[in-house]
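Comments concern the structure below.
Each chain gets a letter, A, B and so on, in the order the sequences are listed, and its residues count up from 1.
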Number of protein chains: 2
Amino acid sequence: MSADGSKRKRPGAKAASSAAGSPPARVRTVKEIAAAANVSVATVSRALQRPEIVSEATRLHIQEVVKRLGYTPNALARNLRTARTRLVVALLPDITNPFFSEVIRGIEQVAHESGYSVLLGETQSSLVREQAYADMVAARQADGIITMSHRVPSIPITGRLPVVNACEYVKDSLISSVYVDNVAAAGVAVDYLVTLGHRDIAFIAGPPASPICIDREQGYRLALERANIPLNPALTATGDFSIEAGERAIELLLSQGQSFSAVFCSNDEMAIGAMRALAARGLRVPEDVSVVGFDDIRFARYMTPALTTVAQPKNALGREAMTMLIELLNDPEVPPRKRVLSADLVVRGSVAPYLPRRK
Amino acid sequence: MSADGSKRKRPGAKAASSAAGSPPARVRTVKEIAAAANVSVATVSRALQRPEIVSEATRLHIQEVVKRLGYTPNALARNLRTARTRLVVALLPDITNPFFSEVIRGIEQVAHESGYSVLLGETQSSLVREQAYADMVAARQADGIITMSHRVPSIPITGRLPVVNACEYVKDSLISSVYVDNVAAAGVAVDYLVTLGHRDIAFIAGPPASPICIDREQGYRLALERANIPLNPALTATGDFSIEAGERAIELLLSQGQSFSAVFCSNDEMAIGAMRALAARGLRVPEDVSVVGFDDIRFARYMTPALTTVAQPKNALGREAMTMLIELLNDPEVPPRKRVLSADLVVRGSVAPYLPRRK
């Protein structure tokens, strides 16, 4: 205990034993209240924390003593006793990506309904920052973590980690996770392009360290296979999910002289960048190149043309992740599970049937 | 102090005086560690919290004692002693508005540099939710609040409220605040439209309860006055900052038969909605109607045409707000101040010189 803690405590102890008058504003312990009210500490705790389970008479009596002595319930002290902070950390790589803000809104809604608060941690994909938040759980500053990254931070505690993965998952891990069927969803998007006659379909992949990015690429490959279109590895570029990465990927493909009539992008921001880069090269979307994104962020429909994209159920992903974390916090024995939601293709103006180029 | 705090302290004191064996897993106090290591409490604190400033020998010695006695540093206990949680609450009305996410990133950066974490509170403009977060400060679950709303939540504590206002301000309040000169910035935007020959300039106002919205409207009015253009109140519509509100405002003005060659919108999302509604009515931007927004969210430049807008220094607003809050937490006597940043007009493709309509 610190010098400060001792100082606060000592005058109180003295006052209790000598019955000398102490300043009325002094913080009282539950024990002192219990002694003055002639009831047990447990009864005082119940009366303060769950008054509905204490008899009316007891409650009023304790209230009167509390009022007279001036006990101030201290949330930190209370949290210390229950070992619950009612805080959860939501880790996300990039707060400015609207995809995550809608997932967070879902997390927030369930947290709010259940008496939890959400501590936001933007990691900018830095391991050091991820670990700093994980350490908060080890230090009991937060109860658990929902991570929207493909890494599960290591928490030096024994037993089940109070961690849930949202939107992403980690292969072969015991971490519960909620995400969409990325292989199937990407496949549906590429199938649709194939149906419209496209055969030279470029792909902008996300960071290969992430299993969901590998799944989206797998969906793309499987759809080509289904259509008997040989995979042309030169038509795949990789980006970091930013708008700028989408621009760079298109510039790279065009500078290499690649020819394609459609491009499937692993997220909407890269698709927005792709549309910008195509326009800058004088290529019209969708007349010259069709563009498909992934996520359905709220700005997707306001692009010109409006972006065709795979709509992830963002709110549901957040709500389900927080529900899973609360289950886990209430019962560490609950078996780990992977919950896979479905994602729909939303068809808008950025895709058109294949027409042979006139040039 | 809590019952738990007393429990922890007393057996420790007993053990020290009677030297009776106690269970090895019991939580030890810094005092016990200090006594066993024959050093001061301050030295133990330093060794545990800032080992780099303690000599190698002392550190190893204390580590050995800690290992033997089993002291577990508990962040909650530490916070309780220092009465600091190192948590601040950032209240924002709408997490999906990219304007706020960039301000939060600025808050987060300074928080991270200073050893604070940011608790995110989305209020959806609900007073009840704002108050719930304010109560966390009263209950010492958080040190202070940065609010991005025009309301300052009431915190039942005596003395200076640990609250800073970001992006918004409250008139005649003692709350420190950082925001842009909205009157001047709106004026520059409307002056620019006037310079291009526009005289029938519509205005989409934000919620009138917010002082910054009144300021933006004031800037619009003053610019018309400077140009000797009589104010036509029928050309002003009001929205709640959402994309949909921008669409509705334009639909309202057009359904009323209002004629205008330009529209100035109080934020970018309403401007994006306005562009969509104009296009839906067959009006071209900027040939038929010029559109100007406010904020410069990252999607503004990716609209077609790219949106001309007033660029708020979002990162700087967040950084400055967090810096002010830390100053206030470190010294409650620091005088309240209003810091006004400047905002620049960013000219893009959504504005063109006035041409008389051909129809």
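- Between the OG1 atom in Thr96(B) and the CZ atom in Arg298(A) there is a gap of 3.5 Å [rounded to 0.5 Å].
- Residues Phe299(A) and Pro98(B) meet the side-chain proximity criterion, which asks for heavy atoms closer than 4.5 Å.
- By the ring-ring contact (aromatic ring centres under 6.0 Å, His included) test, Tyr133(A) is found to be paired with no residue, residues two or more places apart in sequence or in another chain being considered.
- Summarising the geometry, atom CG belonging to Leu120(B) is positioned 6.5 Å from atom CD1 belonging to Ile104(A); distances are rounded to the nearest 0.5 Å.
- A donor-acceptor pair shorter than 3.5 Å cannot be found between the side chains of Glu269(B) and Tyr302(A).
- Heavy-atom pairs under 4.5 Å with chain B peak, among Asp94(A), Ile297(A), Val89(A), at Asp94(A).
- Counting heavy-atom pairs closer than 4.5 Å to chain A, the top-ranked of the candidates Met303(B), Met275(B), His112(B) is His112(B).
- Taking every heavy atom of both residues into account, Ser117(A) and Leu119(B) meet most closely at CB-CD1, 3.9 Å.
- Put simply, of Ile272(A), Asn97(A), Leu87(A), the one with the most heavy-atom pairs under 4.5 Å next to chain B is Ile272(A).
- Among residues at least two apart or in separate chains, salt bridge (Lys or Arg N to Asp or Glu O under 4.0 Å) pairs with a member in residues 109-127 of chain B are Arg105(A)-Glu122(B), Glu113(B)-Arg319(B).
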